[in-house]
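Beneath this line is the structure, given in structure tokens, with notes to follow.
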Amino acid sequence: MNIPIPTPRDFSFRRTALSHGWYDLPPFSFDRDTWTLTRVLDIDNGAPVTVKITATPHALNVHVARQPSQRTVARIVRDVRHALRLDDDMQTFYGAVTDDPDFTWIVRQGAGRLLRSPTVFEDLVKTICTTNCSWALTDKMVRELVNNLGQAGCDGARAFPTPAAMAAVPVSFYRDVMRSGYRAPYFKELAERVAADELDPESWLTSELPTPELKRAMKRVKGVGDYAAENLLKLVGRYDVLALDSWVRGKFARLHNRNRPATDKKIARHYARFNTWRGLALWCDMTKDWLEGNDE
DNA sequence: GCGTCCAGGTCTACC
DNA sequence: GGTAGACCTGGACGC
């Protein structure tokens with residue numbers, strides 16, 4: 001079955017799907033030959049469903065192997081819209097960058113929508129997996145988590161594990177199977193708190209707290225520091241933070257500082273003119289070359 | 001083969 | 001509030 005989902009005029013499937021590394025971490029995967037984003041979606045009270053997402057000029061085409069129920073279709077549409085940020089209004093951001101010659105490509109290419117997971121919980125776990133390690137280790141940790149704790153669909157593909165599934169395994173799983181090292185107790189504690197409704201990461205999406213206060217709330221999760229919190233803030237739609245990590249610092253040095261390390265203050269000054277959109281302007285700037293030669 | 005460094009940082013103790 | 005040192009893993013690198 002194919003489910004068509006109309007897309008906004010300023011939407012770019014390629015720029016959104018490949019906006020950052022999430023597309024390569026299960027239960028996402030991406031095929032650059034066919035430009036297909038695959039995702040295994042968790043369906044409440046049912047087996048997970050694998051969807052294959054491609055784009056036409058004005059719509060997404062979501063392919064599902066079997067004929068799902070109406071309720072499942074509604075869930076699929078909701079999750080795809082959420083993950084690909086179809087409901088984000090980008091015009092204010094585009095207005096903020098359109099007068100800057102170095103940033104007009106963002107408007108032209110429809111960049112700025114950052115791929116996210118169907119749940120903030122998943123984004124939170126994955127973000128902790130990115131801290132203080134190579135991308136190869138991030139990939140390994142997430143893969144072990146999904147392969148061992150994710151529920152399998154009819155095709156054998158696994159969804160991202162639920163908080164309850166993660167809370168049910170001992171710390172030794174995170175240490176010895178997931179190989180997450182010192183992060184192991186953080187995952188166990190996080191899953192237990194979310195499963196017990198002591199912590200609700202999904203509420204961060206609609207929180208009315210000012211960004212600094214929301215960031216403080218995020219940092220109360222063990223394993224979430226400045227970088228991780230600011231990365232999560234971007235994924236819930238707050239772009240008045242930069243989320244500087246070693247990769248961004250290195251890339252900024254190459255692009256804007258003659259290959260020499262720049263201070264965080266200097267990086268902040270460079271993007272300050274974009275005000276509340278500075279974090280998104282920075283990320284677009286850092287990833288401009290990811291799709292050069294593949295523009296839609 | 002072995003030791004060291006470092007990668008998409010964070011926590012804790014201490015001042 | 002600011003900072004030093006410890007913390008897991010695994011790949012790259014030099015010897």
Side-chain angles (χ1 to χ4, degrees), chain A residues 17-26 28 30 114-117 122-148 166 169-193 199 201 212-236 238-239 241-257 259-265 267-268 270-271 278-291:
Chain A
L18 302 184
S19 53
H20 63 116
W22 262 208
Y23 70 85
D24 200 29
L25 295 179
F28 279 116
F30 194 81
L114 303 182
L115 180 69
R116 61 186 172 186
S117 307
E122 180 180 332
D123 283 336
L124 173 54
V125 170
K126 285 179 170 173
T127 297
I128 295 173
C129 289
T130 67
T131 58
N132 196 27
C133 64
S134 62
W135 186 257
L137 184 55
T138 297
D139 183 74
K140 178 180 170 57
M141 285 191 277
V142 173
R143 218 163 279 282
E144 293 294 348
L145 191 59
V146 171
N147 288 343
N148 286 282
M166 287 182 62
V169 295
V171 175
S172 58
F173 166 82
Y174 298 102
R175 189 180 55 239
D176 302 334
V177 180
M178 188 182 171
R179 309 295 289 174
S180 66
Y182 68 90
R183 306 168 193 80
Y186 303 163
F187 291 124
K188 174 71 173 173
E189 181 184 317
L190 168 62
E192 285 179 340
R193 287 177 65 196
L199 175 70
E213 285 184 40
L214 184 55
K215 181 179 169 183
R216 272 194 289 276
M218 291 172 167
K219 286 179 69 174
R220 282 196 281 273
V221 175
K222 287 266 186 69
V224 176
D226 283 329
Y227 159 73
E230 293 186 5
N231 187 56
L232 284 163
L233 282 165
K234 289 184 181 182
L235 294 179
V236 299
R238 312 257 191 147
Y239 304 108
V241 291
L242 297 179
L244 300 179
D245 56 21
S246 57
W247 182 83
V248 167
R249 292 185 180 101
K251 183 102 184 207
F252 183 90
R254 289 192 293 280
L255 290 180
H256 302 300
N257 211 41
N259 218 21
R260 289 181 302 199
T263 64
D264 290 356
K265 283 185 179 175
I267 299 174
H270 189 87
Y271 299 100
R278 56 190 179 271
L280 193 52
L282 172 146
W283 187 252
C284 289
D285 193 30
M286 295 296 100
T287 57
K288 179 186 177 185
D289 60 355
W290 282 11
L291 273 172

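When reading the values below, keep in mind they use all heavy atoms of this one structure, side chains included, and skip hydrogens, waters and symmetry mates. Throughout, protein chains are lettered first and strands after them, A, B, ... in sequence-line order, and every chain is numbered starting at 1. Here the structure is a predicted model, which is why all the values come from computation and not from measurement.
Here the closest heavy-atom approach between residue Phe187(A) and residue Val125(A) is recorded as CE2-O, 3.7 Å. The shortest non-hydrogen separation linking Arg116(A) to Val236(A) is NH1-CA, 4.2 Å. Closest approach of Cys133(A) to Thr138(A), counting heavy atoms only: SG-OG1, 3.4 Å. Contact detail for Lys234(A) and Leu114(A): the closest heavy-atom pair is CB-CD1, 4.0 Å. Scanning both residues, Thr131(A) and Ala228(A), for their nearest heavy atoms gives CG2-CB, 4.2 Å.
Remark: Lys251(A) engages Asp289(A) in a salt bridge, criterion side-chain N to carboxylate O under 4.0 Å. Under the 4.0 Å criterion applied to side-chain N and carboxylate O atoms, Asp245(A) and Arg249(A) are not assigned as salt-bridge partners.
For residues 169-186 of chain A, there are no salt bridge (Lys or Arg N to Asp or Glu O under 4.0 Å) pairs, not counting sequence neighbours.
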Give DNA chain B the dot-bracket treatment, 5' to 3': Watson-Crick (N1-N3 with N6-O4 or O6-N4) or G-U (N1-O2, O6-N3) under 3.5 Å, [ ] crossing, | other strand. |||||||.|||||||

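Look at the P atom in both dG2(C) and dG8(B): the space between them is 27 Å, to the nearest Å.
For His270(A), the ring pair (Phe, Tyr, Trp, His ring centres under 6.0 Å) partners are Phe252(A), His256(A), not counting sequence neighbours. With sequence neighbours excluded, the residues forming a ring pair (Phe, Tyr, Trp, His ring centres under 6.0 Å) with Trp247(A) are Trp283(A), Trp290(A), listed by chain and number.
Along DNA chain B, the nucleotide nearest Val221(A) and the nucleotide nearest Gly21(A) are compared for position; the residue whose nucleotide lies closer to the 5' end is Gly21(A).
Across all strands shown, Val224(A) has heavy atoms under 4.0 Å from sugar-phosphate atoms exclusively, and none from any base. Residue Thr131(A) is in sugar-phosphate contact alone, with no base atom involved, counting any heavy-atom pair closer than 4.0 Å across all strands shown. Contact annotation for Ala243(A): no contact, since no heavy-atom pair falls under 4.0 Å across all strands.
For DNA chain B, the contact window with chain A, defined by any atom under 4.0 Å from a protein heavy atom, covers dA7(B) to dT12(B) in 5' to 3' order.
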Show me the protein contacts with nucleotides 4-8 of chain C, counting only N or O atoms at under 3.5 Å.
unit_1 : atom_1 : unit_2    : atom_2 : d
dC8(C) : O4'    : Tyr182(A) : N      : 3.1
dC8(C) : O2     : Arg183(A) : NH1    : 3.1
dC8(C) : N4     : Asn132(A) : ND2    : 2.9

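Taking the six-membered ring where the residue is Trp, Tyr186(A) and Tyr182(A) present perpendicular rings, their angle passing 60° and hence far from 30°.
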